[in-house]
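I have placed the structure first, in the form of C-alpha cells, so that the comments after it can refer back to it.
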Amino acid sequence: MQEQKDIEIDNQQIVKAYRNLLKACSRTLEKGDKKLLREAFNLSLEAHKNMRRKSGEPYILHPIAVAQICADEIGLGTTSVICALLHDTVEDTNMTLDIVRLNFGEKVARIIDGLTKISGIFDQQDKSMQAENFKKMLLTLSDDVRVILIKLADRLHNMRTLDSMSVKSQLKIAGETLYVYAPLAHRLGLYAIKTELEDLATKYLEADNYNFVKDKLQETKIQRNRYIKQFIEPIQSTLEEQGLKFEIKGRPKSIHSILQKMKKQDISFEEVYDLFAVRIIIDSEYDNEKSDCWKVYSVVTDIYKPNPDRLRDWISSPKGNGYESLHTTVMGPKGKWVEVQIRTLRMDEIAEKGYAAHWKYKDKDAQPTQSSLEGWLSKVREILENPESNALDFLDDFKLNFFTDEIFVFTPKGELRKLPTNATILDFAFDIHTELGSKCIGGKVNNKLVPINHPLSNGDQVEIITSTKQIPKEDWLHFAITAKAKSKIRDYLKHEKMRVSSMGKEILERKFKQEKITFNSENLLPLLNYFKLPTVSELYYQIASEKIDRTRLNISEIYEYIKAKKLEDQQLKSVQKEKKINGNFAKDAVLIGDDIDLPYSFAKCCNPIPGDEIFGFVTVGEGVKIHRTNCSNALGLMSNYGYRIIKTKWANEHIDKDHAFVTTIKVSGIDSMGIVSSITNIISKQLQINMHSIIVNSKEGMFEGSIELEVSDTEHLEELINKIKESSPLIKVSREDAIVNG
C-alpha cells in the first residue's frame with residue numbers, strides 16, 4: 001500500500017516538473033518540437049526507470065531540471081533541451097548513441113557524445129590525465145558550444161542538490177566548480193550562473209565564512225533597502241521627466257565576492273563599502289543604445305559625484321564574452337560609495353543568460369558570425385592544436401588568462417588587439433607573430449622606449465623592437481602571461497634542452513667508462529635520487545650546462561654516500577616512530593576516515609587547530625596531510641586530486657588543553673611607541689602563550705607583521721585576538737588566511 005502511494009507521489013512530481021519544462025520552452029517551440037520533446041522525455045524516463053539519486057528522488061527529475069535550466073536560465077532552444085533530457089542516458093544506462101542518432105538525428109547524437117566524453121573530466125587519478133580531459137572538453141566547446149552550456153546546467157543542478165552527498169564528495173565537487181566551472185560560466189557570459197556556482201561552492205568549502213556573511217546580509221537587509229530607495233528616488237524622477245523607459249534594481253553583491261574582497265583587502269564585513277550595486281536597465285532601440293546609456297550616465301553623475309578612476313566603458317569595447325555595460329561608482333547619501341551599472345534590455349539579457357546563447361546556436365543552422373567570443377574560441381583552438389603543448393601547463397595557462405579580464409591595445413597602424421590584464425610587451429609581440437615574439441628585445445609604448453617585461457595598459461599604442469641575435473630565455477616565463485607566449489617559449493626551451501641533454505649524456509657515459517661502471521638505467525637511478533632530479537634527461541642537461549660540477553662528479557663516492565645515508569635514515573625512522581609529528585600534538589588529535597590508523601601531520605600552509613573545519617589529503621610518502629577546508633591550497637587539491645581526499649574530524653574527547661598547535665596571526669595598525677611591546681606582553685605574560693617567531697615592519701607611520709605562536713584550539717586563539725583588539729583601537733589583528741569578522 002505504502003509502495004503504491006510512493007509511486008503516485010513520484011509520478012506527480014515527474015508530471016509537474018515536465019509541465020514546468022514545457023512552459024519554459026514555450027517561447028522557442030516550433031511546429032513538431034513538442035512531439036520531439038515528449039519522445040526525448042519518454043526515452044529518458046524509460047532509460048532511468050528504477051534509478052534514484054542520492055537524495056532518494058527519482059533520477060528522471062535531474063535531467064528534467066537540467067533541461068529546465070537550459071531553457072529558462074540560459075535561453076537555449078529545443079535541440080539543447082532534448083540533449084539535456086538525454087545527457088546521462090548513454091553514460092549511465094543501456095542506451096546507445098545509435099539509438100539517440102536514430103530517434104533524433106546526427107546533431108543531437110554529436111552533442112550527447114560530447115557530453116558523455118567530458119562527463120568524468122576530474123575523475124582520473126592522474127592530474128595530467130585530468131588536464132588532458134579538460135583539453136578535450138575545450139575542443140568540444142570550440143566544436144559546439146552547447147556541449148559546455150548543457151554541462152554547466154548539469155553542474156548547477158548538481159550543486160543545488162549537493163546536500164545529499166557525502167562530505168568528501170561535497171568538497172571534491174565544490175572544489176572543481178570553483179576551479180573550472182564558475183570561471184568557464186563567467187567567460188561564456190553566464191553571470192547569473194557563475195555567481196550562483198561560486199556561492200554554492202563557498203557554502204561547502206567555507207561553511208563558517210559563508211554563513212557569517214549570509215547572516216550579516218540578512219541583518220542589514222532592511223537598512224540596505226531603505227538606503228537603495230533613498231539613492232534611486234532622484235534618479236528615477238529625472239529619468240521619468242526625460243521620457244525614458246527604464247527599470248532600476250538594487251541588488252546585494254554575491255557572498256563569494258564579498259568574502260573575496262574581505263580576504264584580499266583584509267577588512268571586516270562592515271568595511272566593505274560596495275555591498276550592493278544599482279542597475280539601471282533601459283528599454284532602448286538598438287541604434288540609440290549607446291547614446292541612451294551615456295544620457296543616463298549624465299543624469300546619475302549630475303546628481304551624485306562620480307569617482308573618475310572607477311568608470312568602466314564596456315559599451316564602446318565589449319568584453320570578450322560579449323558583456324556590454326557602463327559601470328561607474330558615485331558618492332551617494334551619507335558619504336557612501338555606490339556602484340551603478342547602466343545597460344539596455346538587450347545587454348542585460350546577454351549579461352544574464354550568456355552571449356553564447358545569442359551568438360551562434362538558437363537551434364537554427366545559422367552560420368557563426370565573427371565575434372569577440374568567436375575570437376576567444378579561435379585562440380583556444382590555436383593553443384589546443386599545438387602538438388608540443390603539455391596538458392598541465394595548458395591547464396595552468398588557461399586558468400591564468402582565458403578567464404581573466406581584458407585590455408585593449410593598438411598596433412602602430414591602429415589595429416585593435418585584445419590581451420589579458422597585466423599582459424606585457426612580450427605577450428603583445430607573440431600575439432602578433434611567433435617570430436616577432438622570439439626576436440623581441442623591447443618596445444615603444446606611446447613612443448617611449450620600454451623593456452620586454454613592461455606591462456601594458458588600456459589604450460596603449462605598441463611597437464615591437466627586435467634583434468636577429470635574440471632567442472627565447474627561461475626567465476621570460478616569469479613575466480609572459482598569455483597562453484600563446486608561454487607555449488611558444490616552452491617549445492623553444494624544450495628543443496634547446498634536448499640538444500644540450502644529448503651532450504650531457506655523452507659526458508656522463510665517459511665518466512661511467514672511466515670508473516668501470518656499466519652505463520644503464522639501474523645505475524643512473526641512484527644519481528637521480530642523490531641530485532634530487534625528476535628525470536634522466538634533466539640529469540644530462542644539468543651536467544652539460546655545468547649546474548652539476550663535472551670535476552666533482554665521482555660516481556663511486558656518490559654510491560657509497562647513498563648507502564651510508566640510507567642506513568642513517570632507517571635508524572632515525574625507528575627512533576622517530578613513536579614521536580609526535582608537530583609540536584607536542586596528541587597522537588590521536590584527529591580521526592581519519594572511519595577511525596583508520598594512518599600517520600598524519602598538519603599542513604604548514606594553513607596550520608589547522610582544533611575547532612577548524614578540516615579534511616585529509618593522502619600524500620605520496622608523507623602519510624595524510626591535514627588541511628583547513630578554506631586553506632589557499634584546498635581548492636586545487638579537491639578539484640585535481642578528489643580521489644585522495646579523506647574525511648577527517650577532530651577527536652575532541654582526546655585533545656588535552658595542554659597540547660599546543662602552531663598558528664600565525666597578522667597584526668597591523670598605526671605605529672606608536674611601545675605598541676609591539678604591548679602586543680607581545682599580552683601574548684607571553686598575560687596569556688602565557690609561547691611565541692615561535694615575530695616579524696614586524698614599520699613604514700610611513702603604519703606597522704604590519706606576523707606572529708607564529710602556540711594555541712590549544714580556535715577558542716583559545718579567539719580569546720587572544722580579542723585581548724589584543726581590546727588593548728588598543730589602533731591595532732587590527734586576525735588569523736592568517738582567515739575572514740576578519742570585526
Side-chain angles (χ1 to χ4, degrees), residues 186 191 195 224 227-228 231-232 234-235 238 248-254 256-280 290-321 323-343 347 351 401 403-410 416-425 427-428 445-448 450 454-462 481 668 699-702 704:
H186 174 77
Y191 287 102
T195 301
R224 190 169 59 249
Y227 183 88
I228 291 170
F231 178 85
I232 66 176
I235 298 172
T238 309
I248 303 183
K249 297 175 182 176
R251 56 171 188 84
K253 293 285 179 77
S254 73
H256 175 79
S257 67
I258 292 169
L259 276 173
Q260 290 304 105
K261 192 158 283 191
M262 288 167 69
K263 285 181 186 176
K264 200 173 177 182
Q265 299 177 10
D266 195 14
I267 55 176
S268 66
F269 177 86
E270 287 70 24
E271 292 171 287
V272 179
Y273 75 83
D274 54 347
L275 284 169
F276 61 88
V278 170
R279 185 178 297 164
I280 303 171
K290 198 178 282 190
S291 59
D292 283 350
C293 285
W294 282 108
K295 197 184 287 181
V296 172
Y297 172 81
S298 179
V299 168
V300 173
T301 53
D302 281 348
I303 298 167
Y304 300 113
K305 190 172 176 61
N307 180 340
D309 296 330
R310 297 298 300 270
L311 174 63
R312 301 287 181 268
D313 176 10
W314 286 304
I315 291 178
S316 303
S317 300
K319 286 188 180 184
N321 55 19
Y323 181 83
E324 297 173 79
S325 191
L326 267 184
H327 287 204
T328 185
T329 302
V330 298
M331 182 59 77
K334 302 175 187 173
K336 287 185 180 179
W337 290 108
V338 178
E339 184 187 315
V340 181
Q341 302 167 359
I342 303 162
R343 60 178 73 150
M347 295 172 190
N401 56 84
F403 289 156
T404 57
D405 283 332
E406 298 155 325
I407 57 169
F408 302 90
V409 293
F410 297 91
L416 180 73
R417 311 290 291 203
K418 290 182 185 180
L419 290 168
T421 306
N422 301 320
T424 62
I425 285 284
D427 294 305
F428 178 86
V445 172
N446 308 324
N447 286 319
K448 273 179 71 177
V450 293
H454 177 82
L456 300 172
S457 302
N458 254 327
D460 281 346
Q461 189 162 34
V462 187
I481 72 159
S668 62
K699 189 180 180 183
E700 296 174 356
M702 301 294 289
E704 61 178 17

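Note that these values count all heavy atoms, side chains included, but never hydrogens, waters or copies made by symmetry.
Rounded to the nearest 0.5 Å, atoms CH2 (W337) and CG (L275) are 16.0 Å apart. With rounding to the nearest 0.5 angstrom, the CG atom of N307 is 7.5 Å from the OG1 atom of T328. Rounded to the nearest 0.5 angstrom, H186 NE2 and Y191 OH are separated by 4.5 Å. From E271, atom CD reaches atom CD of Q265 across 9.5 Å, with rounding to the nearest 0.5 Å. Taking CD from Q341 and CD1 from I280, the interatomic distance works out to 10.0 Å, rounded to the nearest 0.5 Å. Note that the NE2 atom of H327 and the CD1 atom of I315 stand 9.0 Å from one another [nearest 0.5 Å].
Residues forming a side-chain hydrogen bond (donor to acceptor under 3.5 Å, both in side chains) with S316 (at least two apart in sequence, or on another chain): D313.
D427 places a side-chain N or O within 3.5 Å of a backbone atom of I481 that can act as its donor or acceptor partner.
Residues V272 and M262 approach most closely at CG2-CG, 3.7 Å, considering heavy atoms. In terms of heavy atoms, V330 sits closest to P306 at CG1-CA, 3.8 Å. Of all the heavy atoms in S457 and D460, the pair that sits closest is N-OD2, 2.8 Å.
Within the cation-pi definition used here (under 6.0 Å to the ring centroid, within 45° of the axis), K336 qualifies as a partner of Y227.
Taking 4.5 Å as the limit, some side-chain heavy atom of P318 sits within range of a side-chain heavy atom of E324. Counting heavy atoms from C-beta on, the side chains of R417 and F410 never come closer than 4.5 Å.
V450 pairs with exactly one of I425, T424, V462 by the side chain to side chain contact (heavy atoms under 4.5 Å, CB included) rule, that one being I425.
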Let me see the working for H454 and F428 under side chain to side chain contact (heavy atoms under 4.5 Å, CB included), right down to the final yes or no.
CA-CA 11 Å; H454 177 82; F428 178 86; over 6 Å; no

Using the side chain to side chain contact (heavy atoms under 4.5 Å, CB included) rule, take H256 and T195 through it: C-alpha gap first, then chi angles, then the decisive distance, then the call.
CA-CA 8 Å; H256 175 79; T195 301; over 6 Å; no

Tabulate below the donor-acceptor pairs under 3.5 Å that side-chain atoms of residues 293-304 make, not counting sequence neighbours, or state none.
unit_1	atom_1	unit_2	atom_2	d
T301	OG1	Y297	O	2.8
T301	OG1	S298	O	3.3
Y304	OH	F231	O	2.8

